Protein chains: 2
Amino acid sequence: MRPLRQEPIELAPGVTLWRRIADELEQAIALGTYKAGERLPGEVEIAARFGVNRHTVRHALAELARRGLVRAARGSGTYVEPARLSYPIGARTRFSEIVGSAGRDPEGRLIGHGQEAATPDIARRLDLKAGDPVVRLEILRTADGLPLCYTTSWLPAKFAANAARIFRARRSITATLAYFGIKDYRRQSTRITAGAADALDAERLQLSPGRAILIIDSINVTPNGTPVLTNRSRFAADRVELVVES
Amino acid sequence: MRPLRQEPIELAPGVTLWRRIADELEQAIALGTYKAGERLPGEVEIAARFGVNRHTVRHALAELARRGLVRAARGSGTYVEPARLSYPIGARTRFSEIVGSAGRDPEGRLIGHGQEAATPDIARRLDLKAGDPVVRLEILRTADGLPLCYTTSWLPAKFAANAARIFRARRSITATLAYFGIKDYRRQSTRITAGAADALDAERLQLSPGRAILIIDSINVTPNGTPVLTNRSRFAADRVELVVES
DNA sequence: TTTTATTTGTCCGTATGTATA
DNA sequence: GTATACATACGGACAAATAAA
């Protein structure tokens, strides 16, 4: 625990006290005064340093928790959450390369699969007819054991009926597509929205229901434009930052 | 009010009744059976058509509301929300062009501004020293009167001290930069995260606190690489879909 | 302006199947 | 095998907001 320097806060006009304190703490985290996993000083201590009431500090900490910067543990303290992983979104983003080059240990695990009839939406994405058989893979991706996202992938069953078995052996979508003779592919389109985590998201991503998630829909095609794979990924918004390559 | 065709639902194995009904309603909206702004049949009527209890319909409607597809109004009915606006994210995205080409009426209104000292983060983005003066503009952007996002823009005060006055006259960031002699600029970097709407977001974007928002940080540079503008935009996630150009 | 009917929101309850400890 | 917890589904009653008469 590092000491905060004594810093009686001057109130800027129109800015609330708790927000000022939240900003100060955020900056201290950004500057590395408090590092990921470290414990912040206790609420009473922070309050004393800034010369404010403990409730004001609680308000500021609640704001930081809401934004995913810190996590309060009752009876223990308030801890700095790890910084968001920068996740490039481009034509050839491959999960294991991204996470690996950030110095963290990537893992992609198949947590479910099945064969089903394409919904109108999936059929449109894969250039099939509604009702055509497709294979669905559910893949949970973690970095250093912490879930970052899970992806639902659909492939035409026409050529990929046993995709689940292949993925389990090869542990990579790229390698699975290669098995089916698809040596190269690229993202044709990427659409990003956001929402709140439902119970399933919360369980799989190990976060509390209602927290923000980023939803990325993509369509992947071969070099000659044939769609071979469409994904819907759900990211824990607190843990990633999507970087658009341009 | 259009009639739903009588459709006693057959229960697929492992799929709950309320989710089946939510899917049916979602598809009806996607197919245009119910259009944006239209009122769905009442809960009791839907329940009768599907042959289920009203609570089961309520569960399904709550799911659609959570995903931003419909909005319930007590005493009045449940209404279809407008489809998400596709918002391209690229090197030269200009709000008015995007919204205008979607056939909707764009407006950007200055709702606040000021001159302040650059925080370490803002200084880094604009290649300044911490404490250097910067101009901050708060711009609310709407389509057909509905708020889509609000953007906090920072420009070096060195050349843009009166940016607020210029923006108010020219009503466009591009035109404002042109006034300062910057004829062209492009996005150097774009970072996307998500979070929950706080009270300020909710008020400015006219949505309920806690709903999902998309946060986009960007840095804009001249053709020779000098940073001239950095933005933090907060989008109502229910109302837009970011499309990555590739 | 007042009344009335409609519609969503919030309770109370019951029963059943399923997964977990 | 038993007990517990949880989600699902159904039934009813009333409150609160809205809209129309």
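Keep in mind it's a predicted model, so treat the numbers as computed, not measured.
Taking atom CD1 of residue B/Ile21 and atom P of nucleotide D/dT8, one finds them 13 Å apart after rounding to whole Å. Atom CG in B/Leu61 sits roughly 9 Å away from atom P in C/dG9 (whole-Å rounding). In this structure, the CZ atom of B/Arg54 is 7 Å from the P atom of C/dT8, given to the nearest Å. Atom CD1 in B/Ile46 sits about 12 Å away from atom C1' in C/dT7, given to the nearest Å. One atom, CZ of B/Arg74, and another, C1' of D/dA17, lie 6 Å apart when rounded to the nearest Å. For A/Glu203 and C/dA19, the CD to C1' distance is 12 Å, given to the nearest whole Å. The nearest whole Å value for the distance from the CZ atom in B/Arg58 to the C1' atom in D/dA13 is 14 Å. In this structure, B/Glu63 atom CD and D/dA7 atom P are separated by 14 Å, rounded to whole Å.
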Decide yes or no on side-chain hydrogen bond (donor to acceptor under 3.5 Å, both in side chains) for A/Glu138 and A/Thr152, but give the supporting numbers first.
CA-CA 5 Å; A/Glu138 306 269 351; A/Thr152 306; 3.0 Å; yes
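Within a 6.0 Å radius of CZ in A/Arg171, other residues, nucleotides and ligands contribute 12 heavy atoms or fewer.
Taking the six-membered ring where the residue is Trp, A/Phe159 and A/Phe180 present perpendicular rings, their angle passing 60° and hence far from 30°.
Nucleotide D/dG12 forms a Watson-Crick or G-U wobble pair with C/dC11, both donor-acceptor distances falling under 3.5 Å.
Below the 3.5 angstrom threshold, one finds a donor paired with an acceptor across the side chain of B/His55 and the base of D/dG12.
Using modelled atom types, one finds no donor on one side chain facing an acceptor on the other under 3.5 Å when comparing A/Thr151 with A/Asn231. Remark: the A/Ser86 side chain and the B/Arg191 side chain contain an N/O donor-acceptor pair separated by less than 3.5 Å.
Distances shown here put every side-chain N or O of B/Ser76 at or beyond 4.0 Å from the OP1 or OP2 atom of C/dT8. Look at B/Thr78 and you'll find a side-chain N or O under 4.0 angstrom from OP1 or OP2 of C/dT8. Between B/Asn53 and D/dA9, a side-chain N or O to OP1/OP2 separation shorter than 4.0 Å is absent.
Ranked by how close their nearest DNA chain D nucleotide is to the 5' end, B/Trp18 and B/Tyr79 are led by B/Trp18.
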